[in-house]
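Have a look at the structure below, then the notes.
Lettering of chains follows the sequences in order, A, B, ..., and the numbering in each one begins at 1. Remember, it's a predicted structure, so these values are computed and weren't measured experimentally.
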There are 2 protein chains.
Amino acid sequence: MKNIFLLGASGSIGKQVIDILKMYPEKYNLKAVSVGENIDYLKQILREFNVEFASVKNKEDLLELEKEFPHINFGYGDDGLIQVATYSNENGVVINAVVGMVGLIPTIEAIKKRRDILLANKETLVVGGTIITKLVKEYQVNLIPIDSEHSAIFQALNGENKNNIKRIILTSSGGSFRDLTREELKNVTLQDALQHPNWNMGAKITIDSATMANKGLEVIEAHFLFGVNYDQIETVLHPESIVHSMVEFVDHSTIMQASFPDMRIPIAYALSYPDRYPTNISRPMDFSKSFNLTFKPMDFNRYPLLKLAYQVGKVGGIMPVVYNASNEVANELFRKGKISFLAIEDIVFDAVNNTSNILNPTLEEILAIDKQVRQKIYQKYEVI
Amino acid sequence: MKNIFLLGASGSIGKQVIDILKMYPEKYNLKAVSVGENIDYLKQILREFNVEFASVKNKEDLLELEKEFPHINFGYGDDGLIQVATYSNENGVVINAVVGMVGLIPTIEAIKKRRDILLANKETLVVGGTIITKLVKEYQVNLIPIDSEHSAIFQALNGENKNNIKRIILTSSGGSFRDLTREELKNVTLQDALQHPNWNMGAKITIDSATMANKGLEVIEAHFLFGVNYDQIETVLHPESIVHSMVEFVDHSTIMQASFPDMRIPIAYALSYPDRYPTNISRPMDFSKSFNLTFKPMDFNRYPLLKLAYQVGKVGGIMPVVYNASNEVANELFRKGKISFLAIEDIVFDAVNNTSNILNPTLEEILAIDKQVRQKIYQKYEVI
């Protein structure tokens with residue numbers, strides 16, 4: 001039995017993690033779990049699993065939960081997340097499936113407990129990449145990616161020497177608006193943006209896919225996860241979302257990982273790694289029918305936030321934090337109907353262009369700049 | 001320095017092995033080598049490498065060679081092949097790049113010397129699979145495939161547990177006549193058959209690709225190499241020959257290996273395994289241009305020799321020997337202009353249908369049946 005400490009159980013990834021845990025009750029033991037405000041979903045989890053500790057976003061929700069589940073301990077807020085990640089002294093893995101950079105500190109604390117991290121929260125690496133990769137080495141834990149692209153690369157690197165990587169090729173569906181020109185993007189709505197052609201994902205990441213900020217974050221994440229330079233990371237359009245990414249080695253041999261687009265496949269792999277368990281998830285690929293896999297060059301003029309991600313990644317220091325914080329807020333403002341789709345790009349470019357870099361930032365500096373960038377945007381749009 | 005003992009240096013694969021050895025003079029040391037009748041090419045090799053032992057097909061060629069290269073020892077014929085494979089007591093790997101089942105005995109002897117085998121000669125496994133896989137286990141050597149499909153599977157299995165294989169998917173370009181109907185196959189010529197759409201290979205294998213006997217032999221080879229049932233081996237048409245084969249695992253994740261079609265890539269990989277060496281072989285894949293990878297279901301009615309290969313593979317015993325021997329002779333007769341293209345199929349079906357099976361054949365029985373099948377066909381066509 002592998003003990004599981006799950007951050008973000010009620011999000012899109014978290015719910016799919018729960019699906020997998022249900023499929024293999026003899027393999028996994030969910031010991032601690034966090035949700036945000038979805039108390040009903042937490043209750044379902046607490047009824048189905050032998051959870052010992054649970055945390056929620058708001059203190060107000062505790063009374064009701066403690067009454068209904070008197071044998072379970074509860075926490076709340078940022079501290080609650082840390083408590084979930086570090087709960088008990090038994091071995092186990094932490095699944096970081098929260099959205100946004102709130103996942104950073106709990107991940108750091110879990111690494112210090114020598115727990116492997118199954119990472120769906122790319123912001124953790126984008127803002128804290130230098131700190132996290134140093135800690136991962138120091139505490140000798142595994143950092144196993146859950147998102148489909150990095151899981152594909154991780155699988156392609158199985159049994160391989162990382163020094164033999166020539167380049168990593170991240171695939172991208174192109175997002176909800178891949179068939180629109182930039183001119184046509186001016187009047188798109190939130191409803192349009194939420195229609196991803198291939199994947200069923202959360203709202204934040206679906207919008208990030210449409211702006212290609214998601215691929216930008218993935219480029220930075222790949223840099224830290226696999227120790228490759230930005231010049232070794234390519235992005236390519238692949239409308240079918242079957243090949244989830246590739247690694248080309250120094251001998252010009254390329255390894256691709258493929259499946260139907262279903263996040264439960266990389267989630268199940270991260271959980272079973274280095275083994276693989278039989279599953280009924282999704283369909284296997286179907287070779288009884290003809291099909292095409294299409295690859296098209298990435299258009300950086302069409303997706304300026306992707307181009308910018310390479311630039312902030314190469315510059316390093318505090319700039320990826322600025323990119324991520326401004327994107328998180330802009331994404332939120334768009335989802336709340338406060339700004340237009342193209343204003344997301346304007347906000348991120350504005351933040352990056354108007355923040356001075358700090359090289360080798362401390363954790364405190366990262367948190368401070370993150371807060372400062374967010375407040376400035378909120379103030380400008382008079383949200384707070 | 002890795003010592004190399006190379007069987008079949010003047011064939012298509014052998015010459016490409018020589019190319020690779022020249023690229024990495026600091027990595028590989030060619031100690032012993034065999035050719036057939038291409039004495040001029042052998043002389044080139046002997047001038048460029050510090051070969052200690054060389055073998056040729058015919059004794060008549062020895063005098064001239066011994067005169068020009070008095071410091072080198074020479075052998076000839078079937079014994080010469082064994083001498084090359086077992087030369088010296090130093091460590092090293094044997095590359096079996098001969099064509100046809102003449103590669104079987106030298107491979108057995110090399111395994112008994114605990115040498116890893118780099119296998120381009122699929123007939124060795126098709127006819128001697130049971131014997132070879134048993135010896136490989138007993139002497140704890142590696143059997144590393146060189147042909148592109150099995151190299152792809154071997155690479156996809158890097159770091160994986162073979163028990164987690166759900167199925168192996170062998171890709172096939174469809175061969176020279178993939179756009180012709182069976183009716184149109186009646187009048188095709190040898191010249192037509194030798195025009196493979198993607199690969200630059202030897203004549204025997206190019207004809208085998210057109211009849212799909214090559215894929216049939218590969219199915220049987222995959223069964224022995226990777227320990228999978230025939231029901232777990234699929235074949236799919238992939239006209240571009242970019243994805244060289246795939247492994248689907250029990251978790252519905254599929255790993256594909258891809259590159260431009262260039263045999264030197266799998267050859268270089270087999271030599272450097274488990275490492276990979278930087279190379280200028282071929283081009284890397286080009287993502288700056290749009291491209292498609294096409295997959296189509298295999299048509300077993302179009303390619304009856306592939307269907308037959310599954311059948312003889314499942315039946316086992318001596319039947320793969322009969323399939324291989326009759327196909328080798330039929331292929332040769334077609335290349336010599338003695339029979340039509342479609343007569344290749346007739347000869348193989350006739351041999352398989354008119355030979356009684358022997359389960360668990362000994363090496364002697366394998367050699368006897370192989371000889372008997374060949375003689376019967378030669379007699380019928382009055383070639384000898």
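At a heavy-atom separation below 4.5 angstrom, chain A is approached by B:N158, B:G159, B:E160 within residues 156-163 of chain B. The interface of residues 222-240 of chain A with chain B, defined by heavy-atom distances below 4.5 Å, comprises A:E234, A:V236. Of all residues in residues 144-153 of chain A, none places a non-hydrogen atom less than 4.5 angstrom from a non-hydrogen atom of chain B. Contacts between residues 265-277 of chain A and chain B, counted as heavy-atom pairs separated by less than 4.5 Å, involve A:I265, A:Y269, A:D275, A:R276, A:Y277.
The side-chain heavy atoms of A:T279 and B:H252, taken from C-beta on, include a pair separated by under 4.5 Å. By the 4.5 Å heavy-atom criterion applied to side chains, A:H244 and B:S253 are not counted as neighbours.
Between the CD1 atom of B:I242 and the CG atom of A:L293 there is a distance of 12.0 Å, given to the nearest 0.5 Å. For the atom pair CZ (B:F287) and OG1 (A:T171), the distance works out to 9.5 Å, reported to the nearest 0.5 Å. Atom CE of B:M246 is separated from atom CD1 of A:I255 by 12.5 Å, given to the nearest 0.5 angstrom. Between B:M285 atom CE and A:K166 atom NZ the span is 13.0 Å, to the nearest 0.5 Å.
Between B:F291 and A:F295, the ring planes are parallel. Angles under 30° get that label, and only those over 60° would be called perpendicular.
Around CD of A:E184, the count of heavy atoms belonging to other residues, nucleotides or ligands within 6.0 Å exceeds 12. Under a cut-off of 6.0 angstrom, the local environment of CG in B:D19 is crowded, with over 12 non-hydrogen atoms contributed by other residues, nucleotides or ligands. More than 12 heavy atoms of other residues, nucleotides or ligands shown are found within 6.0 angstrom of CG on A:N292.
Within the 4.5 angstrom heavy-atom criterion, no atom of B:R264 approaches chain A. Using a 4.5 Å cut-off between heavy atoms, B:N164 touches chain A through its side chain atoms alone. Only the backbone of A:S288 comes within less than 4.5 Å of a heavy atom of chain B; no side-chain atom from C-beta onward does. Within the 4.5 angstrom heavy-atom criterion, atoms from both the backbone and the side chain of A:Q257 approach chain B.
With chain B as partner, the option from A:V250, A:N280, A:D262 having the largest number of non-hydrogen pairs under 4.5 angstrom is A:V250. Contact tally against chain A (heavy-atom pairs below 4.5 Å) for B:S259, B:S282, B:P284: the top residue is B:P284.
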